[in-house]
Amino acid sequence: WLEESYPHYDEYKQLISWRSYVVCDVNQADVNNWLRTPFIERGAAERLYIEVKFSMRDCTHFPATVRSCKETFSLLYYESEFDFADEAMPTWNARTYSMVDRIAADEGRFSDNNEVVINTEVRSVAASKRGVYFAFHDEGACISLLAVRVYYVTCPNITLNHAFFPETPTGREVSSIKQTIGGCVPNAAQSRTPSYLCTGGGQWDLLTGGCECVAGYQAIGQQCE
Ligand SMILES: *[C@@H]1O[C@H](CO)[C@@H](O)[C@H](O)[C@H]1NC(C)=O
């Protein structure tokens, strides 16, 4: 993988340099190119999302003698309790890392005759150690890796039934449901335990219980005044 700079106009029409990683060993056998992110701390996340923007050349664009040309790459990850990676570790090996997915250019590939097509692919993995490395394994494709974004999804903080529910990261699995217990707003007391369920997509569901304003206070919106 080589680091390259692309001239690119940003939203203020300023010429900036867009850095990308490119690889194009389409005419070699047994290609084994690895690129790894720095250590990314998991923080409060239980599930990490990774968005990858890239472009890929169409293999038909190369002469027929180029037999090892590929049109996919592998996205892998490695969880760790500390940042220990160096030039040799974790071993550059698909058995050392865990596979996320083999990624193809779903939006399309490009040849010299058409415009560059930018593909955006999103994958997610459950995470439980302190942090994670993501790695890109190329075995003979012609790729420009333009942008990588790692993030997690939360159910946003919300006040309902005079109870405040804090921002809650979604659970380990997309299908996970996490119960969050709310706290009463000032001058309110619990009638029944305020509970809200945070779904894997970051939406709240099934609100139960709540709080009521104590004597001497009246409900104004979600507050007790
Ligand atoms: C609730 O979320 C809003 C919007 O993201 C934020 O501005 C605010 O600080 C949050 N409040 C608390 C108490 O976390």
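Indexing begins at 1, ligand by ligand and atom by atom, following the structure's order. Small disclaimer: the values here were computed from a predicted structure and weren't measured.
Applying salt bridge (Lys or Arg N to Asp or Glu O under 4.0 Å) to Arg102 and the options Glu121, Glu139, Glu71 leaves one that passes, Glu139.
The environment of OH in Tyr217 is sparse: at most 12 heavy-atom neighbours from other residues, nucleotides or ligands sit within 6.0 Å.
Checking atom 12 (C) of ligand 1 against the protein gives a heavy-atom contact under 4.0 Å. Within the 4.0 angstrom cut-off, atom 7 (O) of ligand 1 has no protein heavy-atom neighbours.
Remark: Arg172 engages no residue in a salt bridge (charged side-chain N to carboxylate O under 4.0 Å, His left out) (not counting sequence neighbours).
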* **Full working for salt bridge (Lys or Arg N to Asp or Glu O under 4.0 Å) between Arg42 and Glu79** => CA-CA 10 Å; Arg42 177 174 65 87; Glu79 278 198 90; 5.4 Å; no

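Applying the 4.0 Å criterion to heavy atoms of Phe164 picks out, from ligand 1, the atoms 12 (C), 13 (C). For ligand 1, the atoms lying closer than 4.0 Å to a non-hydrogen atom of Asn157 are 1 (C), 2 (O), 3 (C), 8 (C), 10 (C), 11 (N), 12 (C), 14 (O).
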